[in-house]
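Report on one structure; see the data block that follows.
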Number of protein chains: 2
Amino acid sequence: MGKITIKDVAAMAGVSVGTVSMTLNNSPKISEATKKNVMEIVEKLGYRRDPYARSFSLSSSRSIGFIAPGFVNPFFGEVAEALQATVEEKNNSLMFGISNDSAKQEAKLIDQFLDRGVDGLIIIPAEDVHPDLTQIKRLLSESFPMVFLTSYYKELPYHTVMADLASGSYELTRSFISAGLKNIIIITGSPDLIPFSERIYGFRRAFDEVGLPFDESRVIISDGMSYEGGYAAIDRIFDERKPDGILAINDMMAMGVIGRLKSKGIRIPEDVSVAGFDDISIASIQETPLTTVAQPIRPMCMAAVEKLFDMIAGKDVPAAVEKLPVRVQHRNSSRM
Amino acid sequence: MGKITIKDVAAMAGVSVGTVSMTLNNSPKISEATKKNVMEIVEKLGYRRDPYARSFSLSSSRSIGFIAPGFVNPFFGEVAEALQATVEEKNNSLMFGISNDSAKQEAKLIDQFLDRGVDGLIIIPAEDVHPDLTQIKRLLSESFPMVFLTSYYKELPYHTVMADLASGSYELTRSFISAGLKNIIIITGSPDLIPFSERIYGFRRAFDEVGLPFDESRVIISDGMSYEGGYAAIDRIFDERKPDGILAINDMMAMGVIGRLKSKGIRIPEDVSVAGFDDISIASIQETPLTTVAQPIRPMCMAAVEKLFDMIAGKDVPAAVEKLPVRVQHRNSSRM
DNA sequence: AACCTCCATTGAACCGTTTCAATCATGATT
DNA sequence: AATCATGATTGAAACGGTTCAATGGAGGTT
């Protein structure tokens, strides 16, 4: 028994193939009576349109590609979840790839996605200090629909939706200063990368506006923006630096910082205030609930998808970095 | 300027479209000289095969669908990551959907995936007590390639790759008994669901084999297999039940259990031993590192993908539940 | 020189939709 | 009764690959 095609339906319903097709697409040109008749046959035969033929005809796969650095940091899992829900509402599918923060891997994934015919791409840029962006640049020059999420590549401030982390960082730092903390530091990755430079910028601005001297030594460059990274950073700098306020670049790292401080017998927040960024769901349920800057995940995903679909629809979307407001979430890991 | 098609390449190379196609597919029937010539033109024109036409011709999208309950529990994020890597090695893409533990949503996602023409499905069953499985049953009867991962639906013990959680549970319980714990309980979801019944089974067997009486009150049925769920369960049963050993059904819940116990001033593991399941990456980096049963995520994903591709290739894969060995990971949350 | 083999290449059928100009049917208008 | 307008339906082209039977050509054998 062969596959049931639109022809079989047409034959059995006594209409042309075109009529069946238009019925399935709910075209207003087909009379209700005919539609009803055709749909009955469709039902009876259990007919289902061939997705390959359909994509071929339409030149669209109604699917988009999503690239994230990975799911070790649950923040990205939460983004993936929100993104999937948003894309699904538009009756599209989401394919995903994991870059492991390597721009090279990212390029490979993009290539794969293009070979699969995705209609557009949503990319969380890899935190890669020396990214090779030739491929992305080529796609941008061809105006292939592509939106950067949560950050962007410094050279390419196009079509981006992210959180206003600079403001979040600023506000958080101000609150640390107001709480009377004197020796505040930030533990971050390379300032060459947007996710870090934004946070550093806000951090610095807080001192400037309060009129406090800013010393570069407040900025601790570390690598490994993970629990282990935070743990190791404390080992390396705490005894010498003796901070009473620590901003870690994300919640996972902040948790590592707290873990190491506690194991050294330091009290939080009495001795040291700690805060992170992202507000991942475990941040609030730690033994010491974490003060953090909450990224508006849902709104960001919705805005990114909106932007992407506008581009796919051929609208002329101006290249812009859209920064959504954040919320500073005070919890027990910092003094007020 | 129109799209560059295989015809353009053929014309410029002075060969037929068939030759170009076979060259691109690296057919041994084409001479090396011709291939080289054709590839040069391909390069020059920047030609790229149309993925839609290709899928259409081949009746394959080289993509598979993956359904997970969500990423709130990072365990699923880790599975997704491993799965993606495995699928990518096979030059296929992974689409994903999130069921939120609703079989209804799962069915909807499956439908969507079928409409997109995925070659197969990998499903982490929803923890839904009254699932409507008609659609899945239909697909199974059509022998559509489909593999269940980490668990299966009780009525449908087909094509499954999971961890041997019963053994893990057994071993863990034995170690609790050996450590001299007297009042051991397990906090679990509905025993109607495989992920829970497996763990309960192993738990029970440990008592049986040691010759200890087993009392049903050792099994605490709870809902919400999350941090909050664990927290709430302790609130509800601890004072009355006074356990000295607690198995939580997964690591997130175990963390909730620990969180609540500590806030009550109970010492872990001195007063109470706690263990979880999954060995998610944060389990080891908690303030009190968690004793847990590690699921072999990578091997499970590899086995599942292998199975699925065999099915897609038309091989006759016997329906079977494959259980991979687990490893009990002892850490500080339990006495030895 | 005629015949045979073998390998490389060709060319056309095929896949299952969508789309749209052309046709047909119906009822209204003169 | 002839003409027109409107709306429903048809039929065939188009999409861009893959595949394979048929063809062509070069080299070897008799």
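Proteins get letters first, then strands, A, B, ... in listed order; numbering begins at 1 in each. Values reported hereafter were calculated over all heavy atoms of this structure, with side chains retained and with hydrogens, waters and symmetry mates removed.
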Checklist entry - Given C:dT10, C:dT19, C:dC15, which nucleotide is nearest the side-chain atoms of B:Phe56? => result C:dC15

Checklist entry - Taking atom P of D:dC20 as reference, at what distance in whole Å does atom CG of B:Leu58 sit? => result 12 Å

Next on the checklist: Whole angstroms only, please: what is the CG-P distance between B:Asn26 and C:dA8?
Outcome noted: 13 Å

Next on the checklist: If you only use heavy atoms from C-beta on, which nucleotide in D:dT10, D:dG16, C:dT17 is closest to the side chain of B:Lys3?
Outcome noted: D:dG16

Checklist entry - Can A:Ser63 and A:Asn92 be said to form a side chain to side chain donor-acceptor pair (under 3.5 Å), step by step? => result CA-CA 5 Å; A:Ser63 66; A:Asn92 275 56; over 6 Å; no

Item to check | Candidates D:dA8, C:dT9, C:dT10 - which lies nearest the side chain of A:Ser31 | outcome: D:dA8

Next on the checklist: Distance check needed: D:dT19 C1' versus B:Arg54 CZ, whole Å only.
Outcome noted: 13 Å

Less than 3.5 Å apart, which donor and acceptor atoms pair up between the side chains of residues 70-84 of chain B and the rest of the protein, not counting sequence neighbours?
residue: B:Asn73; atom: OD1; partner: B:Phe75; partner atom: N; Å: 3.0
residue: B:Glu78; atom: OE2; partner: B:Ser281; partner atom: N; Å: 2.8
residue: B:Glu78; atom: OE2; partner: B:Ser281; partner atom: OG; Å: 3.3
residue: B:Glu81; atom: OE1; partner: A:Phe71; partner atom: N; Å: 2.7
residue: B:Gln84; atom: NE2; partner: A:Phe96; partner atom: O; Å: 3.3
residue: B:Gln84; atom: NE2; partner: B:Glu88; partner atom: OE1; Å: 3.4

Checklist outcome for this item: To the nearest angstrom, the CG-C1' distance between B:Asn37 and C:dA8 comes to 14 Å

Next on the checklist: Does B:Ser21 contact D:dT18 through a side-chain donor or acceptor facing the base, at a distance under 3.5 Å?
Outcome noted: no

Next on the checklist: Among C:dG16, C:dT18, D:dT9, which nucleotide has an atom closest to any side-chain atom of A:Ala53?
Outcome noted: C:dG16

Checklist outcome for this item: Closest of D:dG17, C:dT17, D:dT9 to the B:Thr5 side chain is D:dG17

Checklist entry - What is the distance from OH of B:Tyr52 to C1' of D:dT18, rounded to the nearest Å? => result 19 Å

Item to check | Nearest-nucleotide pick for A:Val17, side chain only, options being D:dT19, D:dT10, C:dT17 | outcome: C:dT17

Next on the checklist: Heavy-atom nearest nucleotide on DNA chain D for B:Arg49 versus A:Met22: which residue maps closer to 5'?
Outcome noted: A:Met22

Checklist entry - Does a side-chain N-to-carboxylate-O contact under 4.0 Å join A:Lys36 and A:Glu40? => result yes

Next on the checklist: Tell me the interatomic distance from B:Lys35, atom NZ, to C:dA8, atom P, rounded to whole angstroms.
Outcome noted: 9 Å

Checklist entry - Closest to the A:Thr19 side chain: C:dT10, D:dC15, D:dT10? => result D:dT10

Checklist entry - If you check the A:Asp50 side chain, which of C:dT17, D:dG11, C:dC20 turns out closest? => result C:dT17

Next on the checklist: Below the 4.0 Å mark, does D:dG17 have OP1 or OP2 next to a side-chain nitrogen or oxygen of B:Tyr47?
Outcome noted: yes

Next on the checklist: If the threshold is 4.0 Å, N to carboxylate O, is there a salt bridge linking B:Asp111 and B:Arg116?
Outcome noted: no

Checklist entry - What's the CD1-C1' distance between A:Ile30 and D:dT6, to the nearest Å? => result 15 Å

Checklist entry - Should A:Glu142 and A:Arg138 count as an ion pair when the cut-off is N to O under 4.0 Å? => result yes

Item to check | Nucleotide nearest B:Val15 (side chain, heavy atoms from C-beta), chosen from C:dC15, C:dT19, C:dT10 | outcome: C:dT10

Item to check | Distance in angstrom units between A:Lys29 NZ and C:dT19 P, rounded | outcome: 11 Å

Item to check | Presence of A:Ser16 side-chain N/O under 4.0 Å of D:dT10 phosphate oxygens OP1/OP2 | outcome: yes

Checklist entry - Base, sugar-phosphate, or nothing for B:Thr34, non-hydrogen atoms under 4.0 angstrom? => result sugar-phosphate

Per-pair distances, 0.1 Å, donor-acceptor, side chain in residues 307-314 of chain B, under 3.5 Å, sequence neighbours excluded:
residue: B:Lys307; atom: NZ; partner: B:Glu322; partner atom: OE1; Å: 3.4
residue: B:Asp310; atom: OD1; partner: B:Lys315; partner atom: NZ; Å: 3.2

